[in-house]
Amino acid sequence: MNTPHHDPDYNFGYLDEQTKRMVRRALLKAIAIPGYQVPFGSREMPLARGWGTGGIQITAALIGPADTLKVIDQGADDTTNAVSIRRFFERVSGVATTELTEDATIIQTRHRIPEKPLEAGQILVYQVPQPEPLRKLEPSEAETRKMHAWAEYGGMYVRLYEDIARYGHVATTYSYPVLVNGRYVMSPTPIPKFDNPKMDDMPALQLFGAGREKRIYAIPPYTSVKSLDFEDHPFTVQSWTEPCALCAANDSYLDEVITDDRGGRMFVCSDSSYCEDRRAKGHVGKELATAEALAYVGHVEGGSDVA
Amino acid sequence: MSLERVHDMNAEPDPILIAQKLTKLYGDRIGCRDVSFSLWPGEVLGVVGESGSGKSTLLRCLAGIDRPTGGEVMFRHADKPISLFDIPEPTRRKLMRTEWGIVHQNPRDGLRMDVSAGGNVGERLMDRGDRHYGKIRAAAIDWLTRVEIGEDRIDDRPRQFSGGMQQRLQIARVLVPEPRLVFMDEPTGGLDVSVQARLLDLLRVLVRDLGIAAVIVTHDLAVARLLTDRLMVMKDGAVVEEGLTDQVLDDPQHAYTQLLTSAVLAA
Ligand SMILES: Nc1ncnc2c1ncn2[C@@H]1O[C@H](COP(=O)(O)OP(=O)(O)OP(=O)(O)O)[C@@H](O)[C@H]1O
Ligand SMILES: [Mg+2]
């Protein structure tokens, strides 16, 4: 864990208190109506819109001195985006940051849900590029609002039907639409559909912010989240034929990594913290030695010894 | 045929659709005015008149697409008449997808051009909550076959279809939820004469077999003669004559209808 200092030139959490209150009001409304998109007065942030400003505003409105923040991008804590957002909050709030899922009180994420199950009291904040799951069917905002208001969701199933007719299965692998609390169809953001089941009945609070589109939505703890499917084509998640090459996990989402210019490749956990944690506990994948030799991963205490 | 129909109507005392003094104005311009009629279950009503006489305007009001300036449309639902424009919009939208359907003059207005034929037909079933892919597909195949589109074309997009096929696809999409009422705006417009004839045959069989009520707009009196039991003649937005189709066409009373029928004879 890391405890930096709050830069006194900025208000705590960067946003002014008035703006935080406005965002919190939108959050309360969103929590009261699970899956419903609440408009909010999205502010300019010191990052271009489309770089997670919606999620950042939510985190900024919620964060307090006692919080511990984790930031991930595509599952990893060490990518440029994750690092710059984490540094931003270190500077404007001075709160502690961590890479360990279980130590965080707020986790801001783009494109993944951590592998380690979240617990009651934690908050998962998603960055949302496109909040409207019906947009591909219907370009008009006035019309999509009516469709949500009256639960006219037949068109979403037409998309699934088209996939099955063409490919024999639903080809959508990320941003796979879900039905929240049996009422609103919601975009889970571009997480892989592998993560969809984690949203269902999650003990943690899930918050979604779209900065450019000025929308906030939420899933309160222990809420039903079902991926859309047909009775005879039930929803399934991706699976891999081999476990993580580094930590041997067979229950995590794997990314393909190219290891050389001769077609060498391996599949490794996209959740870097989960993978490291497993290696620290002595789990050894079959490519770990090679990866350490290539300095793709640092040597972790408890991991295999490399000659 | 017509007499038999009249007899049927007496056995079924409640109209499915009633228009009362229906008026639609576009600013100062009259779309249609003071149109009143009743339509009974299983009956086919034709609306004829020259271009601009208000046929499409009337149809759009009846189908709940456009709100009339005055008057009322009553639809019989769950055994009681409901006033189409007094009920909440979501209820009206739901009825529009389940209880009746509209076949547009231009298939582009009635089809999703980027969705396969099967998806176009299946959408109405998914709208009403069907969630079994196999059953939806089977129903789509059944309806495509009924409108004479081969099962092997089920995954093609409408843009890969001819004009006549697009029109038949639109008809399948409208009929699949088994509505009690259909509206058709020039269903054979823009088609070759031979294609028209086949489509008309098909429509006649479908409408008679299913016993659904229909309002069919056309400016083609031959189409009216072939498909409809009763006819309304419109001019300048108003109904100038109505009656059993054969009577109106064979013995027109109003001068305008006489002109209309003689024009066809002369042609
Ligand atoms: N959206 C509109 N705005 C203004 N005027 C309209 C509109 N739609 C129709 N009208 C007018 O209402 C009148 C009736 O038009 P409508 O389209 O109902 O005629 P129609 O009988 O269907 O003609 P056609 O046989 O050419 O399809 C015409 O004078 C037309 O110009
Ligand atoms: Mg017209």
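A, B, ... follow the sequence lines: proteins, then strands. Residue 1 opens every chain. The shown structure was predicted, so the numbers you read here are calculated from the model rather than taken from an experiment.
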Checking B/I136 against chain A: side chain, backbone, both or neither under 4.5 Å from a heavy atom? side chain

Can you tell me which of B/R128, B/R157, B/K135 forms the most heavy-atom pairs within a distance under 4.5 Å of chain A? B/R157

Given a strict heavy-atom distance threshold of 4.5 Å, which part of B/R124 is in contact with chain A: side chain, backbone, both, or neither? neither

How long is the gap from CG on B/D130 to OH on A/Y161, to the nearest 0.5 Å? 12.5 Å

So which of B/E123, B/R93, B/R137 has the biggest tally of heavy-atom pairs under 4.5 Å with chain A? B/R93

For the pair A/R166 and B/D155, evaluate side chain to side chain contact (heavy atoms under 4.5 Å, CB included) and give the outcome as yes or no after the intermediate values. CA-CA 7 Å; A/R166 203 164 330 152; B/D155 295 326; over 6 Å; no

Below 4.5 Å from any heavy atom of chain B, which atoms of A/R159 appear? Answer side chain, backbone, both or neither. neither

Contact between B/H132 and A/F230 at the side-chain level, heavy atoms closer than 4.5 Å - yes or no? no

Please determine whether the number of non-hydrogen atoms from other residues, nucleotides or ligands lying under 6.0 Å from atom CZ of B/R108 exceeds 12. no

Could you give the distance from CG (A/D229) to CZ (B/R131), rounded to the nearest 0.5 Å? 10.0 Å

B/E89 vs A/W150, side chain to side chain contact (heavy atoms under 4.5 Å, CB included): CA-CA, chis, key distance, verdict: CA-CA 9 Å; B/E89 191 179 351; A/W150 303 326; 3.5 Å; yes

NZ/NE/NH1/NH2 to OD/OE distance under 4.0 Å, B/K94 and A/E152: no

According to the interplanar angle, ranging from 0 to 90°, do the rings of A/H233 and B/Y133 count as parallel (below 30°), tilted (30 to 60°) or perpendicular (above 60°)? perpendicular

